[in-house]
K.L.:
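My questions all concern the structure below.
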Amino acid sequence: MSNMHLAFISELPKEHFPFWQDGLNAALRYLADTYNWQIDIYNIPSMTKANVPNGADFYLFWGALDRPQHSRRLFARQGLCFGGGPTYHPNMKNFDIVVVENKIDISPFEQRGIKTLQAFGTNTQLFKPMNLPKAFEFIYPAAFAKWKNHERFVDYVKKHSPVLPKSSKGSLVNPSLAVGYMQPGGWEKECYEVCEKNGILVLPWVPTEALARLYNMSWSAIVTADPMGGCQRTVLEAKACNVPIVVESESEKLQEFATLSHQNVVENWNEKTYGEKLKQGIEEVVN
């Protein structure tokens, strides 16, 4: 279906929104470029007043079920890109379709009679192999939040990092790196403090283009998030960059993608396949 008018409503930190270039963003651009879809993107934290106008054919939200904007149906046809958290909430009845990243999240919605589709991928235009010098032994790209388990990352680095040579100034060559969103007001600051106390470099959130380079400057990526902690994007991004990744977690959501090869991710979990799945689900509802 051409000339679809899609409104996409995200909930990213407003300082990150101008630099949003992950697989979902690339999938939306693919739909606009390939099928001439009109796609208007709204980011609730960036709006002085959260007011999305009527007139689109379909409204696609991103986020968790328990957010205030999902407490009632706002539009005739609307769906949710499920951003994690509990799979049951009374708000789920307000969506015509729920798009999930993992197979494990399909049945909880389908069992309650909600149309559900798995669609996921990474931006292979940005996340790709680069011939860059290796500066970091291990990288963990994740928000500094408790459910990301940075203490497990520290333990892994301490157990598996070789005895690294020091530079002439005494600093380690090829240290490890933790990079991600630091919550305002020092909330859960212990997540990055434990890294710093153990000789791991820490960076706040960086734009997607910088992150892709940091992956390529690392020998390996590590993820240690718990089942509620996400990080599925991290697995696909590292694999798209052809950087080895260790899933040090019991999370079934992470394990689903852990065995994918670089080629499999590039061919089957890219922005185009992501966009095609979104198109399929949206058109089924609209038609």
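FYI, the numbering just counts along the sequence from 1.
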K.L.:
List the atom of Asn43, the atom of Leu12, and the distance in Å for their closest heavy-atom pair.
P.N.:
OD1-N, 2.7 Å
K.L.:
Against the six-membered ring of Tyr35, is Lys279 placed for a cation-pi contact (under 6.0 Å from the centre, within 45° of the normal)?
P.N.:
yes
K.L.:
Taking the hydrophobic residues Ile, Leu, Val, Met, Phe, Trp and Tyr, and joining any pair whose side-chain heavy atoms are under 4.5 Å apart, which ones share a cluster with Phe75?
P.N.:
Ile9, Tyr42, Ile44, Met47, Val52, Tyr59, Phe61, Leu65, Leu74, Leu80, Phe82, Tyr88, Met92, Phe95, Val98, Val100, Ile106, Phe109, Ile114
K.L.:
According to side-chain hydrogen bond (donor to acceptor under 3.5 Å, both in side chains), who are the partners of Glu193, at least two apart in sequence or on a separate chain?
P.N.:
none
K.L.:
Does Thr224 use its side chain to pair, donor to acceptor, with the backbone of Ser249 at less than 3.5 Å?
P.N.:
no
K.L.:
For the pair Asp226 and Lys146, find out whether any cationic side-chain nitrogen is under 4.0 Å from an anionic carboxylate oxygen.
P.N.:
no
K.L.:
Applying the ring-ring contact (aromatic ring centres under 6.0 Å, His included) test to Tyr192, which of Trp205, Phe153, Phe144 qualifies?
P.N.:
Phe144
K.L.:
What about Tyr156 and Leu254, same hydrophobic cluster or not, with Ile/Leu/Val/Met/Phe/Trp/Tyr joined at side-chain heavy-atom distances under 4.5 Å?
P.N.:
yes
K.L.:
Tell me which donor-acceptor pairs under 3.5 Å the side chains of residues 227-235 have, and how far apart each pair is, sequence neighbours excluded?
P.N.:
{"from": "Gln232", "atom 1": "NE2", "to": "Asn102", "atom 2": "OD1", "distance (Å)": "2.6"}
{"from": "Arg233", "atom 1": "NE", "to": "Asp22", "atom 2": "OD2", "distance (Å)": "3.3"}
{"from": "Arg233", "atom 1": "NH1", "to": "Glu101", "atom 2": "OE2", "distance (Å)": "3.0"}
{"from": "Arg233", "atom 1": "NH2", "to": "Glu101", "atom 2": "OE2", "distance (Å)": "3.0"}
{"from": "Thr234", "atom 1": "OG1", "to": "Pro141", "atom 2": "O", "distance (Å)": "3.2"}

K.L.:
Take a 6.0 Å sphere around CZ of Arg29 and say whether it holds more than 12 heavy atoms from other residues, nucleotides or ligands.
P.N.:
yes
K.L.:
Side chains of Asn198 and Glu196: any donor to acceptor distance under 3.5 Å?
P.N.:
no
K.L.:
For Ile104, what are the other residues in its hydrophobic cluster, where any two members join if their side-chain heavy atoms are less than 4.5 angstrom apart?
P.N.:
none
K.L.:
What residues, two or more places apart in sequence or in another chain, satisfy side-chain hydrogen bond (donor to acceptor under 3.5 Å, both in side chains) together with His89?
P.N.:
Asn91
K.L.:
Could you check whether any side-chain heavy atom of His262 comes within less than 4.5 Å of a side-chain heavy atom of Pro129, counting everything from C-beta outward?
P.N.:
yes
K.L.:
List the atom of Leu278, the atom of Ala27, and the distance in Å for their closest heavy-atom pair.
P.N.:
CD1-CB, 4.2 Å
K.L.:
Looking at CZ of Phe127 and CZ of Arg213, how far apart are the two atoms once the value is rounded to the nearest 0.5 Å?
P.N.:
13.0 Å
K.L.:
Of all residues at least two apart in sequence or in a different chain, which pass the side-chain hydrogen bond (donor to acceptor under 3.5 Å, both in side chains) check with Glu151?
P.N.:
none
K.L.:
Start with the C-alpha distance between Lys103 and Glu110, add both sets of side-chain angles, then the distance that settles salt bridge (Lys or Arg N to Asp or Glu O under 4.0 Å), and finish with yes or no.
P.N.:
CA-CA 11 Å; Lys103 290 179 182 177; Glu110 284 190 337; over 6 Å; no
K.L.:
Show your reasoning for whether ring pair (Phe, Tyr, Trp, His ring centres under 6.0 Å) applies to Phe120 and Phe257.
P.N.:
CA-CA 11 Å; Phe120 195 37; Phe257 303 117; 5.5 Å; yes
K.L.:
Might you confirm whether atom CD of Glu190 has over 12 heavy atoms from other residues, nucleotides or ligands at distances under 6.0 Å?
P.N.:
yes
K.L.:
So, Gln280 and Glu276: side-chain donor and acceptor under 3.5 Å apart, yes or no?
P.N.:
no
K.L.:
Linking I/L/V/M/F/W/Y whenever their side-chain heavy atoms sit closer than 4.5 Å, directly or via other members, would Tyr140 and Met182 fall into one cluster?
P.N.:
no
K.L.:
Can you name the closest pair of heavy atoms from Lys239 and Val265 and give their distance?
P.N.:
CB-CG2, 3.8 Å
K.L.:
Using the rule side-chain contact (heavy atoms from CB on, under 4.5 Å), only one of Leu260, Val223, Ile139 pairs with Ile245; which is it?
P.N.:
Val223
K.L.:
Which atoms form the tightest heavy-atom contact between Ala178 and His150, and what is the distance?
P.N.:
CB-CD2, 4.3 Å
K.L.:
What are the two closest non-hydrogen atoms of Asn25 and Gln21, and how far apart are they?
P.N.:
OD1-CA, 3.9 Å
K.L.:
Hey, could you give me the CG/CD1 distance between Leu31 and Ile282, rounded to the nearest 0.5 Å?
P.N.:
7.0 Å
K.L.:
Salt bridge or not for Glu284 and Lys115, using N-O below 4.0 Å?
P.N.:
yes
K.L.:
Show the nearest heavy-atom pair for residues Ala32 and Ile39, with the distance to one decimal.
P.N.:
N-CD1, 4.0 Å
K.L.:
Mind checking the CE-CE spacing from Met217 to Met130? Nearest 0.5 Å is all I need.
P.N.:
11.0 Å
K.L.:
Report the C-alpha distance between Asp96 and Arg73 in whole Å, list the side-chain angles of each, state the deciding distance to 0.1 Å, and finish with yes or no for salt bridge (Lys or Arg N to Asp or Glu O under 4.0 Å).
P.N.:
CA-CA 10 Å; Asp96 301 300; Arg73 179 181 282 270; 3.1 Å; yes
